[in-house]
Number of protein chains: 2
Amino acid sequence: MQKIGQELIQHGIKPSLIRIKVYDYLKKDKDHPDAEKIFTALRKEIPTLSLTSVYNALKVLTKNKLIREIMIEEDEIRYDGFIEQHAHFKCIKCKKIFDVNLKYKNYLKFDELKKAKILDEHIYFIGICENCLNKEIVEHDRKNKR
Amino acid sequence: MQKIGQELIQHGIKPSLIRIKVYDYLKKDKDHPDAEKIFTALRKEIPTLSLTSVYNALKVLTKNKLIREIMIEEDEIRYDGFIEQHAHFKCIKCKKIFDVNLKYKNYLKFDELKKAKILDEHIYFIGICENCLNKEIVEHDRKNKR
DNA sequence: TTTTACAATTGTAATAATTACAAAATTAAA
DNA sequence: TTTAATTTTGTAATTATTACAATTGTAAAA
Ligand SMILES: [Mn+2]
Ligand SMILES: [Mn+2]
Ligand SMILES: [Zn+2]
Ligand SMILES: [Zn+2]
């Protein structure tokens, strides 16, 4: 908690309670939550919290590169408390976003971009996760009477 | 034109005029336009065209994998008439989206995703393109009286 | 040709996540 | 304490996309 405050300061962010709590929450919730989920969770601790404040905190944290916005489907921004380079997989059934380790990071250098300034990089997959695939099989079997 | 109709049929799409025109437009405009841009361009040929029809056509073409949606910034969907695997670079200054060739496609296989069904894959970079970088330098020099 | 059915197109209204903005509260400085 | 600056809140605005019902177009059936 104290540590998180320090981290914010080091990144040039004034460590207000809300900012600390939002960042702390993102470090704990590995599901890449959206603003609403963070808001709902933190409101239990901070009953006066507003959704706008969550958005404000997320914007500041993003701008100062403590967290990352993840845009996969167009109707929502998800947030990631971990900025180390990695990819994502989003399941269209359960909407979960999973981390995917990037083995060969060096292969993501492109001659075509040599003269451009790259600020951000995103790799993601969309599909159906193992768990939801299994559910589909069960459901299919049930319909066909075993 | 006739050819495009055939292509739609092969993908199970009834080749209406609007669908053909939208697809044809996407094959020609390499800037990854949004629905509005397509609409504005095609309205010159088809004065009765509605924006909804453009969206409808884009949805059908996307579902049947003739085109691709590109979501990079959360406030817009851009469309790509080319579905061969490739990456993108979006310039935050001029908003252009450039194609980036993927050299080592085989490195994008992940053990963690072996049991999942992957339907789609996206790689993109965000930054400032060469052209806009040069403009910035010129602007900077001008301010400092060269 | 006329009728009927179906699909495509249109126009308008609804949706909903995010942002804008101004007022209130909090914190820091003088 | 007084003042200024920043953060938080509540509400309203924004805006790209979607929903939906009415209209139009098409193509087969009678
Ligand atoms: Mn992640
Ligand atoms: Mn492309
Ligand atoms: Zn799933
Ligand atoms: Zn540019």
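From a predicted model like this one, the values you see are computed outputs, not experimental measurements. Throughout, protein chains are lettered first and strands after them, A, B, ... in sequence-line order, and every chain is numbered starting at 1.
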Original post:
Pick the nucleotide of DNA chain D nearest each of B:K14 and A:N56; which residue has the one closer to the 5' end?
Top reply: A:N56
Subject >> Rounded distance (Å) that lies between atom C1' of D:dT6 and atom CG of A:L17 >> reply: 15 Å
**OP:** For A:R78 and C:dA17, give me the distance from atom CZ to atom P, rounded to whole Å.
**Re:** 12 Å
Original post:
Starting at CD of B:E76 and ending at P of D:dT14, how long is that distance when rounded to a whole Å?
Top reply: 19 Å
**OP:** I would like to know whether B:V138 and B:N134 meet side chain to side chain contact (heavy atoms under 4.5 Å, CB included); could you show each step before the answer?
**Re:** CA-CA 6 Å; B:V138 171; B:N134 290 338; 5.6 Å; no
Original post:
Taking NZ from B:K95 and C1' from D:dA16, how many angstroms apart are they, rounded to a whole number?
Top reply: 15 Å
**OP:** Check for a donor-acceptor pair, side chain of A:K27 on one end and backbone N or O of A:G81 on the other, with a separation under 3.5 Å.
**Re:** yes
**OP:** Evaluate the side chain to side chain contact (heavy atoms under 4.5 Å, CB included) criterion for residues B:L102 and B:H86: first the C-alpha distance (whole Å), next the side-chain angles of each, then the deciding distance (0.1 Å), finally the verdict.
**Re:** CA-CA 5 Å; B:L102 266 180; B:H86 64 280; 5.6 Å; no
**OP:** Look at atom NZ of A:K103 and say whether more than 12 heavy atoms of other residues, nucleotides or ligands are closer to it than 6.0 Å.
**Re:** yes
**OP:** Report the distance from atom CD1 of A:I18 to atom C1' of D:dT9, rounded to the nearest whole Å.
**Re:** 9 Å
Original post:
When the ring planes of B:Y124 and A:H122 are compared, do they come out parallel, tilted or perpendicular, using 30° and 60° as the limits?
Top reply: parallel
Subject >> Phosphate OP1/OP2 of C:dT19 contacted by A:K59 side-chain N/O (<4.0 Å) >> reply: yes
**OP:** Rounded to the nearest angstrom, tell me the gap between atom OH in A:Y23 and atom C1' in D:dT7.
**Re:** 21 Å
Original post:
C:dA20 P sits how many Å from B:D75 CG, rounded?
Top reply: 11 Å
Subject >> A:E73 CD to C:dA17 C1', straight-line distance once rounded to whole Å >> reply: 14 Å
Original post:
Is there a residue in residues 36-55 of chain A whose heavy atoms reach under 4.0 Å of DNA chain C, and which residues are they?
Top reply: A:T52, A:Y55
**OP:** Choose from C:dT18, D:dT7, D:dT17 the nucleotide whose nearest atom is closest to any side-chain atom of B:A35.
**Re:** D:dT17
**OP:** Please report the C-alpha distance between A:D111 and A:K114 in whole Å, then the side-chain angles of each, then the deciding distance to 0.1 Å, and finally whether the salt bridge (Lys or Arg N to Asp or Glu O under 4.0 Å) criterion is met.
**Re:** CA-CA 5 Å; A:D111 298 342; A:K114 268 212 178 103; 3.3 Å; yes
